[in-house]
Amino acid sequence: MWKAVMMAVTAGALKPAPLSRIPSLKRGDHHAVGPRGAAAGIVTTLALAPLPALAEAPGWVGPVSTVLQPTLFVIQFAMLCRILLSWYPEINLNKPPFNLVAWPTEPILRATRSVVPPAFGVDISPVVWIGIASLLQELLLGQQGVLVLLAK
């Protein structure tokens, strides 16, 4: 409901009541307050008040988002390719075109294997990096991501 009210206020459909129309509180003057009390009237008026002009987004948000989104996608894609290549152990990863995926990802995966050892003989380090990249993408660039909210 609040979202609809705020959208209506920003669209100009609702005009806020002037503050002079809020009843003043005097001791013993309960009838001027209304059925919900003065606090409800003040909160309603403040909720319908025009929003102050929001500050513009910091200048670094746009370029960081522009670089970060494709970078996280490339990381996810490269790790997915590594998972698919692990299904075929007879493939030599040092020959083209497989080396285009293996050489850039191997240093990262080697460091990850020292922290997360293979589980039941299966190397799960590419899955770990897909999870990390997905989490970063959602936290930073998702629908409610930090950079998306800063850009608004």
Side-chain angles (χ1 to χ4, degrees), residues 1-22 34 36-152:
M1 178 179 151
W2 286 106
K3 189 173 183 179
V5 169
M6 296 310 287
M7 288 174 59
V9 168
T10 56
L14 297 176
K15 300 293 181 198
L19 292 176
S20 61
R21 292 182 57 198
I22 297 176
R36 292 188 179 170
I42 292 171
V43 169
T44 303
T45 303
L46 291 177
L48 295 178
L51 297 174
L54 298 175
E56 290 187 28
W60 56 269
V61 173
V64 168
S65 298
T66 303
V67 170
L68 197 58
Q69 190 165 9
T71 303
L72 291 173
F73 175 76
V74 167
I75 291 171
Q76 289 176 344
F77 183 73
M79 295 303 168
L80 181 63
C81 290
R82 282 302 297 253
I83 291 172
L84 295 176
L85 287 174
S86 70
W87 294 350
Y88 302 100
E90 67 274 358
I91 292 177
N92 185 359
L93 295 179
N94 291 321
K95 292 190 176 181
F98 308 115
N99 63 353
L100 294 174
V101 173
W103 290 353
T105 57
E106 189 57 35
I108 299 169
L109 294 177
R110 189 177 309 125
T112 308
R113 285 185 201 113
S114 65
V115 177
V116 182
F120 305 105
V122 177
D123 182 22
I124 60 169
S125 55
V127 177
V128 170
W129 280 103
I130 287 177
I132 290 170
S134 297
L135 179 68
L136 285 174
Q137 184 171 4
E138 191 61 34
L139 290 176
L140 298 174
L141 302 166
Q143 191 173 10
Q144 295 292 320
V146 173
L147 296 177
V148 172
L149 293 177
L150 279 175
K152 288 184 179 180

Report the distance from atom [atom1] of [X] to atom [atom2] of [Y], rounding to the nearest 0.5 Å.
X: Trp60; Y: Leu150; atom1: CH2; atom2: CG; value: 5.5 Å
X: Ile130; Y: Ile124; atom1: CD1; atom2: CD1; value: 12.0 Å
X: Leu147; Y: Leu139; atom1: CG; atom2: CG; value: 10.5 Å
X: Leu109; Y: Trp129; atom1: CG; atom2: CH2; value: 8.5 Å
X: Leu136; Y: Leu68; atom1: CG; atom2: CG; value: 7.5 Å

Taking only residues two or more places apart in sequence or in another chain, which ones pass side-chain contact (heavy atoms from CB on, under 4.5 Å) with [X]?
X: Glu106; value: Arg82, Arg110, Arg113
X: Trp87; value: Ile83, Leu84
X: Val148; value: Lys152

Taking the side chain as everything from C-beta on, heavy atoms only, tell me whether Gln69 gets closer than 4.5 Å to Leu140.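 Not touching, per the 4.5 Å side-chain cut-off.
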Does Ser86 have any side-chain hydrogen bond (donor to acceptor under 3.5 Å, both in side chains) partners at least two apart in sequence or in another chain, and if so, which?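 Not a single residue meets the side-chain hydrogen bond (donor to acceptor under 3.5 Å, both in side chains) criterion with Ser86.
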Can you list the residues that meet the side-chain hydrogen bond (donor to acceptor under 3.5 Å, both in side chains) rule with Ser65, with sequence neighbours excluded?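 Result, side-chain hydrogen bond (donor to acceptor under 3.5 Å, both in side chains) vs Ser65: none returned.
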So which heavy atom on Ser114 is nearest to which on Ala111, and how close?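 Closest pair (atom of Ser114, atom of Ala111, distance): OG-O, 2.6 Å.
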Out of Thr112, Thr105, Ile108, which residue meets the side chain to side chain contact (heavy atoms under 4.5 Å, CB included) rule with Ser125?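 Running side chain to side chain contact (heavy atoms under 4.5 Å, CB included) over Thr112, Thr105, Ile108 with Ser125 returns exactly one hit, Thr112.
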Side-chain donor-acceptor distances from residues 94-104 under 3.5 Å, at least two apart:
from: Asn94; atom 1: OD1; to: Trp103; atom 2: NE1; distance (Å): 3.1

